Amino acid sequence: MEEDSIQIERAGLKQVQLAAVREILRATTAALPLQDILPLIANVTIIAFDALTAWLMLQEDESLHTVIVRGKGVAQLANTTTDLTGGVIGVAANSNQPTILSSQSIDPADPVLGFLAAQAEPVVLLPVQAAGQVRGLLGAVVTIEATKDISFLVTLAEQAAIAIEDARLRSEARTWRQRLDAVVEQMNDPVMVYDQQGTLLLLNATAEQWLTGRGVQVGDTLADVVQKTGLCHADDTLLEWDEMAGVRALSGEIVDNLELKITLLPDQSTRYILANAVPLRTNGTIDGTVVVWHDITARKQMENALRTSEARYRRLVQTAAEGIWIIDQENRITYVNQQMAEMLGYDEVELQGWLFSDFIYPEDLDGVGIHVAEWQQKTTRQSECRLRRRDNSLIWTQSSTSVIVDDDGQFIGMLSMFANITSRKEAEQERIQLLDREQAAIERLSRLQAVTAALARALTPQQVVAAIIEKGISLFGAQAGVIAWLKEDTYTLEIVSSFGYTQDIIDTWRQFPVDTQIPTAEVVRTQQAIWLESGANFVRRYPALASINVRMPIGAFVALPLLRNDVSIGSLGVHFAAPRTFDAQDRAFLTSLADLCAQALERAWLYTAEQQARAAAQDALRIRDAFLSIASHELKTPLTVVLGQAQLLQNRAMREGMLNDRDQRALTAIIEQASQLNKLITAMLDVSQIERKQLAIMRTSLDIAALARHLVTNMQLTLEHHTLVYHIPDTPIMVEGDAMRLEQVINNLLSNAIKYSPYGGSITVDMVQRDTTVCIAIRDQGIGIPADDLPELFQRFYRADNAIEFCIRGTGIGLYVVKELVTLHGGSISVESTEGQGSTFTVCLPCNGSAPQ
Ligand code: ADP
């Protein structure tokens with residue numbers, strides 16, 4: 001019976017236990033929280049297993065901690081903790097089967113079980129393990145009887161393990177979910193989750209913000225989203241169904257950075273996005289996808305701006321009027337624009353990779369080269385440089401070079417721009433050349449002027465030659481020069497002057513025949529200049545002069561004929577140390593020099609001849625004057641005696657009547673001719689005295705009016721064919737003068753008036769005083785004087801042509817002496833005359849100016 005009752009009891013107990021296990025299972029399946037399930041297990045252990053005490057410990061780090069206690073000993077067990085790796089409980093928890101401890105085997109010092117050591121009932125310890133990991137421990141104090149079948153307790157421990165693991169997993173999942181949600185929500189990128197049908201399940205805040213404006217909402221399909229948002233490729237092309245990130249992810253693909261474009265409302269702003277999508281799998285089956293759009297609008301806009309500016313810059317560079325190239329750090333060309341390629345005569349592509357220095361004229365490299373130090377302060381370098389073209393020709397450019405640096409400021413190359421300034425440069429150079437030529441012409445001209453001026457002063461052939469050599473040849477850059485002239489024999493040339501040659505050369509060539517084979521003789525023969533622009537030429541043509549070439553190397557040589565009236569008179573040789581060409585101006589200059597030389601030589605020769613003739617004439621005159629002086633002196637004395645004696649004889653004869661008529665006429669003739677002779681000799685003596693500056697006057701105060709009146713009236717008495725009219729003031733006109741010499745003046749003019757009026761006529765004498773001058777004019781109606789003769793009339797021995805034609809005798813001395821006498825009196829004499837009509841001679845003298853008319 002007892003057995004039966006036990007059986008029944010057991011059967012009852014089993015029922016209770018089964019119900020308890022169901023309850024626990026339900027709680028577990030319902031995913032009740034751990035704090036609800038754990039008490040349930042503890043309670044069920046007490047009730048359904050009839051335990052005295054039940055407790056549960058949970059693993060926390062390296063220890064086990066009591067979280068729930070039911071039955072006896074709550075106070076002792078609550079919140080106890082034990083080491084997981086040691087002790088009875090640690091070992092039991094790590095074991096894979098239950099541990100049954102008798103109370104005797106319990107260590108009273110055990111932190112958890114110690115208080116049970118004195119009890120009679122055994123202790124069952126059940127490990128709570130999940131996935132091979134210790135999660136906790138279920139402990140129970142039971143009857144000895146109960147230890148016989150502890151399968152129920154094992155089930156409870158297993159159930160506890162499941163519940164604990166479930167709760168742990170749930171809590172973990174919840175935590176992760178919360179974290180993920182937070183991340184997704186906080187993401188600035190739109191995130192969308194679709195299910196396996198492509199239905200939108202979830203949008204994060206950013207996605208909502210972007211898409212609700214376009215009417216997108218949870219439940220929309222992928223196709224709806226594309227349609228509502230106008231999603232398309234970044235280049236505006238249509239986004240096909242199977243290109244969509246979500247669609248591709250749902251078919252298992254991981255989509256990376258698909259570039260798309262979307263226009264948002266309400267501001268119509270365009271956003272560029274990179275769409276990324278991953279398939280979501282559960283147990284290997286794709287049951288959804290997450291799509292994330294990464295906003296790259298800012299980057300895209302920057303890229304676009306960059307692209308636009310680069311395009312603009314490229315267009316600018318391509319169409320620039322200047323040539324442009326870009327050089328890398330290795331000095332190689334990495335880019336040229338079309339203009340640059342054309343400038344250099346190449347294709348744009350051909351130039352890639354060349355060293356830039358291949359195209360720059362070496363001397364100008366500095367201007368385009370890299371000077372880092374300089375560029376640290378100033379990033380652009382301007383210079384003028386020459387570029388070498390494909391055909392090797394050079395063009396002048398104005399270049400401007402800048403350094404290209406990367407974002408870190410490191411030098412990565414340079415950019416140069418070139419403007420073609422060749423035509424400007426050529427014009428400049430042409431101008432400089434013109435200026436040079438002009439300058440050279442001016443110099444030559446001034447040299448010629450200097451030569452001409454020097455020649456104007458040169459009177460002798462020697463001076464001429466010196467002037468030509470000093471001012472002309474030596475200044476022309478010549479090393480030596482020589483002038484030879486043809487001697488009278490017209491065969492021998494003689495060096496008359498030279499410079500720069502050594503004395504032995506001159507001595508060797510002092511004289512040479514005109515037919516010698518040397519340039520300075522050849523030009524005399526041919527009258528053609530010789531221009532030799534190199535020494536080799538010279539020696540080949542004139543071997544006779546090879547020795548000169550040895551002593552004084554000849555670079556160039558010019559020989560020019562000196563011509564007078566197309567006849568050679570000599571030659572000019574010019575020797576240059578260095579070879580040189582003679583341009584038209586050089587030739588013109590040297591030819592002019594030779595012409596000047598010839599002219600000046602001719603003039604010098606003429607001058608010399610004239611000087612010699614003049615000296616000879618002066619000698620003759622001097623001899624004549626000396627003779628006249630001596631002769632007149634020597635003649636005067638005997639003649640005076642002859643004339644005096646003849647006049648005495650005539651007086652005595654007239655007085656005593658001792659001579660017959662014939663003898664008287666003879667005596668008269670003697671006296672007349674002797675008087676003539678006397679006059680002539682007197683005149684000659686006067687001339688001689690004038691020449692020797694010995695003629696003098698004896699001044700006394702005299703009445704010139706009275707003197708003239710007396711002479712005129714005397715003269716009147718002797719006239720037969722002429723009438724003499726005079727107008728002479730009655731009042732005295734006083735002059736300081738020599739009465740005898742003034743009488744000579746007046747008589748001479750009166751005699752001439754009579755003599756040169758061979759057909760008679762009237763002769764008028766007018767005397768007029770004005771202030772302190774008295775003038776006597778003697779006018780005749782005679783043969784007059786030709787205009788040509790008037791200027792010379794008062795010259796010694798000068799006679800007018802018509803006086804000779806009319807066979808009027810004379811010597812040409814009278815007026816010469818008259819002029820001298822008038823001049824000695826401080827007066828002047830002038831003449832007015834018309835040939836064939838008559839002449840007027842006027843003498844003016846200073847007088848005492850008081851006498852009124
Ligand atoms: P002479 O009468 O002896 O030749 P003069 O010296 O007196 O020398 O005169 C110089 C020249 O001047 C004359 O030869 C003559 O040609 C000219 N002559 C001088 N007086 C007259 C005159 N009254 N009428 C024309 N010719 C004159």
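What you are looking at is a predicted structure, and each value in this text was computed from that prediction instead of being measured. These numbers come from the heavy atoms of this one structure, side chains and all, not from hydrogens, waters or symmetry mates.
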Considering all heavy atoms of both residues, which atom of [X] and which atom of [Y] are nearest to each other, and what is their separation?
X: Trp241; Y: Ala223; result: CZ3-CB, 3.7 Å
X: Ser568; Y: Leu563; result: OG-CD2, 3.6 Å
X: Arg388; Y: Leu394; result: CA-CD2, 3.8 Å
X: Glu330; Y: Leu355; result: O-CD2, 3.6 Å
X: Ala234; Y: Tyr272; result: O-CE2, 3.9 Å
X: Ala277; Y: Ala249; result: CB-CB, 3.6 Å

Rounded to the nearest 0.5 Å, how far apart are [atom1] of [X] and [atom2] of [Y]?
X: Asp347; Y: Gln352; atom1: CG; atom2: CD; value: 11.0 Å
X: Gln479; Y: His575; atom1: CD; atom2: NE2; value: 4.5 Å
X: Gln503; Y: Arg510; atom1: CD; atom2: CZ; value: 6.0 Å
X: Ile554; Y: Phe538; atom1: CD1; atom2: CZ; value: 3.5 Å
X: Arg541; Y: Leu532; atom1: CZ; atom2: CG; value: 5.5 Å
X: Ile468; Y: Leu562; atom1: CD1; atom2: CG; value: 8.5 Å

Please indicate whether Arg390 has more than 12 foreign heavy atoms, meaning atoms of other residues, nucleotides or ligands, lying under 6.0 Å from its CZ.
-> yes
Under 3.5 Å, side chain of [X] to main-chain N/O of [Y], donor-acceptor pair present?
X: Arg271; Y: Thr297; result: no
X: Ser399; Y: Ser383; result: yes
X: Thr289; Y: Val278; result: yes
X: Arg525; Y: Thr516; result: yes
X: Asn537; Y: Phe557; result: no
X: Ser571; Y: Ala521; result: no
X: Gln527; Y: Asp566; result: yes
X: Arg551; Y: Tyr501; result: no
X: Thr422; Y: Trp396; result: yes

Can you confirm whether [X] sits close enough to [Y] that some side-chain heavy atom of one is under 4.5 Å from a side-chain heavy atom of the other?
X: Ile569; Y: Leu486; answer: no
X: Trp210; Y: Leu264; answer: yes
X: Glu322; Y: Gln339; answer: no
X: Trp531; Y: Leu560; answer: yes
X: Thr520; Y: Phe512; answer: yes
X: Lys300; Y: Thr270; answer: no
X: Ile273; Y: Leu231; answer: yes
X: Ile530; Y: Val558; answer: no

Name the one of Leu274, Asn276, Ile262, Asp189 that satisfies side-chain contact (heavy atoms from CB on, under 4.5 Å) with Trp293?
-> Ile262
Which residue, Val291, Ile254, Val255, forms the side-chain contact (heavy atoms from CB on, under 4.5 Å) with Arg248?
-> Val255
Test Arg214 against Thr263 for side chain to side chain contact (heavy atoms under 4.5 Å, CB included), laying out the working first.
-> CA-CA 9 Å; Arg214 307 228 50 156; Thr263 307; 4.0 Å; yes
Only pairs under 3.5 Å count here: list side-chain donor-acceptor contacts from residues 423-438, not counting sequence neighbours, and write none if there are none.
residue : atom : partner : partner atom : Å
Arg424  : NH2  : Glu384  : OE2          : 2.8
Lys425  : NZ   : Glu384  : OE1          : 2.8

If you measure from the Lys or Arg side-chain nitrogens to the Asp or Glu carboxylate oxygens, is any gap between Arg389 and Asp391 under 4.0 Å?
-> yes
Are Lys261 and Asp236 ion-paired here, with the side-chain N under 4.0 Å from a carboxylate O?
-> yes
Test side chain to side chain contact (heavy atoms under 4.5 Å, CB included) applied to Met187 and Val292, step by step = CA-CA 10 Å; Met187 271 171 76; Val292 180; 3.7 Å; yes
Taking it one step at a time, do Ile518 and Trp509 satisfy side chain to side chain contact (heavy atoms under 4.5 Å, CB included)?
-> CA-CA 11 Å; Ile518 61 171; Trp509 291 96; 3.7 Å; yes
Would Leu239 and His233 count as a side chain to side chain contact (heavy atoms under 4.5 Å, CB included) if you check the C-alpha gap in whole Å, the side-chain angles of each, and the deciding distance to 0.1 Å?
-> CA-CA 6 Å; Leu239 184 64; His233 285 290; 3.8 Å; yes
Mind listing the side-chain donor-acceptor pairs of residues 582-605 below 3.5 Å, one per line with the distance, residues two or more places apart or on another chain?
residue : atom : partner : partner atom : Å
Asp583  : OD1  : Gln585  : N            : 3.1
Asp583  : OD1  : Asp586  : N            : 2.8
Asp586  : OD1  : Arg444  : NE           : 3.4
Asp586  : OD1  : Arg444  : NH2          : 2.4
Asp586  : OD2  : Arg580  : NH2          : 3.3
Asp586  : OD2  : Asp583  : N            : 3.2
Arg587  : NE   : Phe582  : O            : 2.9
Arg587  : NH2  : Glu533  : OE2          : 3.2
Thr591  : OG1  : Arg587  : O            : 2.6
Ser592  : OG   : Ala588  : O            : 2.7
Arg603  : NH2  : Leu455  : O            : 3.0

Ring pair (Phe, Tyr, Trp, His ring centres under 6.0 Å) between Phe418 and Phe359: does it pass, once the steps are laid out?
-> CA-CA 12 Å; Phe418 299 88; Phe359 300 99; over 10 Å; no
